[in-house]
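Working notes, structure below.
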Amino acid sequence: MTKPVILTGLRANNDLHIGNYFGALLPFIDMAKTKADDYQLDLFVPDLHSFTTPIDHSKLQQQIMHNLKLFVAAGLPLNSDNIRIYRQSYIPAHSELTWILDCFTGFGEMSRMTQFKDKSSGLGAERVTVGLFNYPVLMAADILLYGATYVPVGDDQTQHLEFARDIAERMNNKFGELFVVPKPVKDQNAFFGKDQGLRIKDLVEPTKKMSKSDDTGKGVIFLGDTPDVAAKKVMSATTDSEGVVRFDTAKQPGIANLLQILALARGEDLSSVIDHYDGQTSYGALKTAVAEAVVDLLGDFQARMELIDENDLLAKLEHDEAIMNATANKTLLQVQKAVGLRA
Ligand code: AQP
């Protein structure tokens, strides 16, 4: 019997930050360690998604390999056949299925995607690309090619996951059973539990999430930041004028974020960190503790990066990409037959 597939991807448009690390990478790796006997776990670099918004293309190739190394430094086991890593563009079926699905997707349907509205609002009309507009279709292809049941995504991606379900059902209704329909968002949330909702905030603007495509990067702790740079970012984090430490995400989002980062970086329960700092009338001790914890975290992480053997990583990638091509091409052929492209 084939195992249910859990699939996730992290764009390689920049270095990953501690939000990506704690919110996506570590939960995936924990699952890889605990669920690999019962599930197939697919972790990929969505390199075709990396330039839906502008990037420096001369750095993309290096960034892709760098991000794959981050997966390994974060603890991803390379020796299990139930865990696959791959680069999206090395499996051409992603692009071809996207085109076919594009032709069954409504323009209005894509226009309603709130993330498109958000991401395009900051760009001039000339810089808003068709790629940004229809990337949810590529994301649907990423999921449907491998029959993924569970796809851990943040709140900002739930609309896209719903679209993947809709297009799968639409195609199945029209052409017969072509795709596994991913679980609805509420079932996904129940499956993934608390990790799903975690959102580390930007240190400068703590009401918005930490994002790797942030223009200045001043409020973002990247996994490749030097200890000095990371500590300075923490020490200059925006707080408030309340003058008392409380975990109040509405009134004191900066302080709440620092408490959250401290708990994660130390691997402690948030409640015990809150108990320790609650009521303190200076923010200095909290900031210093966060800076130290982040410096330790990055130091350990960067030391592990140094030890990675790139040849082992490449061998695993090539092995897995051959398997993923075979799986994806099988699904694609069914779709090609259904739409009349193949006999
Ligand atoms: N701030 C965050 N806190 C916790 N988790 C986060 N993730 C992203 N930001 C935070 C999770 O990391 C994964 C990254 O997915 P992505 O690379 O496809 O893009 P994203 O979600 O749009 O992440 P970013 O960092 O905000 O990148 P940009 O700026 O490039 O768009 C996802 O699982 C996400 O939930």
Side-chain angles (χ1 to χ4, degrees), residues 6-31 41-56 59-60 63-64 66-68 70-71 74 87-88 113-123 131-132 135-136 138-140 142-143 148 150-161 164 185 188-189 192-225 233 237 249 253-254 256-258 260-261 263-265 270 294:
I6 305 175
L7 174 144
T8 199
L10 292 107
R11 296 203 305 152
N13 50 332
N14 203 350
D15 195 7
L16 301 186
H17 53 70
I18 59 166
N20 303 135
Y21 180 70
F22 288 119
L25 197 48
L26 272 195
F28 186 88
I29 285 163
D30 284 345
M31 280 190 293
L41 289 116
D42 297 345
L43 177 61
F44 71 110
V45 174
D47 48 2
L48 294 169
H49 285 281
S50 296
F51 46 98
T52 51
T53 47
I55 59 160
D56 177 350
K59 296 194 178 136
L60 180 58
Q63 193 66 58
I64 292 167
H66 178 78
N67 285 21
L68 285 158
L70 296 177
F71 299 170
R87 295 159 287 188
Q88 178 190 36
M113 294 292 168
T114 50
Q115 203 183 73
F116 172 71
K117 292 183 200 160
D118 290 349
K119 291 209 169 185
S120 57
S121 67
L123 299 167
L132 180 64
Y135 94 78
L138 177 58
M139 179 170 157
D142 298 339
I143 297 168
Y150 294 107
V151 187
V153 293
D155 295 348
D156 48 345
Q157 292 287 340
T158 55
Q159 214 183 0
H160 300 165
L161 188 59
V185 170
Q188 304 255 355
N189 288 344
F192 291 115
K194 66 181 171 56
D195 294 331
Q196 189 76 345
L198 178 72
R199 276 291 169 268
I200 302 288
K201 306 293 184 179
D202 185 271
L203 294 175
V204 177
E205 277 184 70
T207 48
K208 64 170 211 185
K209 84 173 178 115
M210 198 176 270
S211 263
K212 59 180 135 53
S213 58
D214 181 80
D215 282 342
T216 68
K218 283 186 183 157
V220 182
I221 300 175
F222 292 106
L223 295 176
D225 277 347
K233 287 179 181 174
T249 50
N257 193 36
L258 288 174
Q260 175 74 82
I261 294 172
L264 289 165
L270 178 59
V294 164

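Both ligands and their constituent atoms are indexed starting at 1 by order of listing.
The N/O atoms of Gly19, backbone and side chain alike, include one that comes under 3.5 Å of an N/O atom in ligand 1. Not a single N or O atom of Thr8, backbone or side chain, sits closer than 3.5 Å to an N or O atom of ligand 1. Inclusion of Leu10 in the set of residues having an N or O under 3.5 Å from an N or O of ligand 1 is not warranted. Here's the thing with Gln115: none of its N/O atoms is less than 3.5 angstrom from an N/O atom of ligand 1.
Of the options Met139, Arg11, Lys209, the smallest heavy-atom separation from atom 24 (P) of ligand 1 is shown by Lys209. Comparing Ala24, Ser50, Ser213 by heavy-atom distance to atom 11 (C) of ligand 1, the nearest is Ala24. In the candidate list Arg199, His49, Lys208, Lys201, Arg199 is nearest to atom 6 (C) of ligand 1, counting heavy atoms.
Side-chain contact check for Gln63 and His66: no donor-acceptor pair (N or O, by modelled atom type) lies under 3.5 Å. Donor-acceptor pairing under 3.5 Å is lacking for the side chains of Asn13 and His49.
Asp202 places no side-chain N or O within donor-acceptor distance of the main-chain N or O of Lys208, the cut-off being under 3.5 Å. Between the side chain of Asn67 and the main chain of Ile64, no donor-acceptor pair closer than 3.5 Å is present.
Residues Leu48 and Gln88 approach most closely at N-OE1, 2.8 Å, considering heavy atoms. Residues Met139 and Leu161 approach most closely at CE-N, 4.3 Å, considering heavy atoms. Pairing each heavy atom of Lys233 with each of Leu203, the nearest pair is O-CD1, 3.7 Å.
Scanning all protein heavy atoms for the shortest distance to atom 12 (O) of ligand 1 gives Asn20 ND2, 3.1 Å. With hydrogens left out, the protein atom closest to atom 15 (O) of ligand 1 is Gly9 O, 4.1 Å, a heavy atom. Of the protein's heavy atoms, His17 NE2, 2.7 Å lies nearest to atom 25 (O) of ligand 1. Among protein heavy atoms, atom 1 (N) of ligand 1 sits closest to Ile200 O, 2.8 Å. If you check which protein heavy atom lies closest to atom 19 (O) of ligand 1, you get Lys212 NZ, 3.6 Å. Looking only at protein heavy atoms, the nearest one to atom 30 (O) of ligand 1 is Asn13 ND2, 2.6 Å.
The existence of a salt bridge linking Lys209 and Asp156 is confirmed by a sub-4.0 Å separation between a basic side-chain nitrogen and an acidic carboxylate oxygen.
Other residues, nucleotides and ligands place more than 12 heavy atoms under 6.0 Å from the CG atom of Asp56.
The structure places CG of Leu223 at 8.0 Å from CG of Leu25, a figure rounded to the nearest 0.5 Å.
Residue Gly23 approaches ligand 1 through these ligand atoms, each under 4.0 Å from one of its heavy atoms: 4 (C), 5 (N).
Residue contacts with ligand 1, taken as heavy atom pairs separated by less than 4.0 Å, involve Lys119 solely via side-chain atoms from C-beta onward.
Heavy-atom distances between Gln157 and ligand 1 stay at or above 4.0 Å for every pair.
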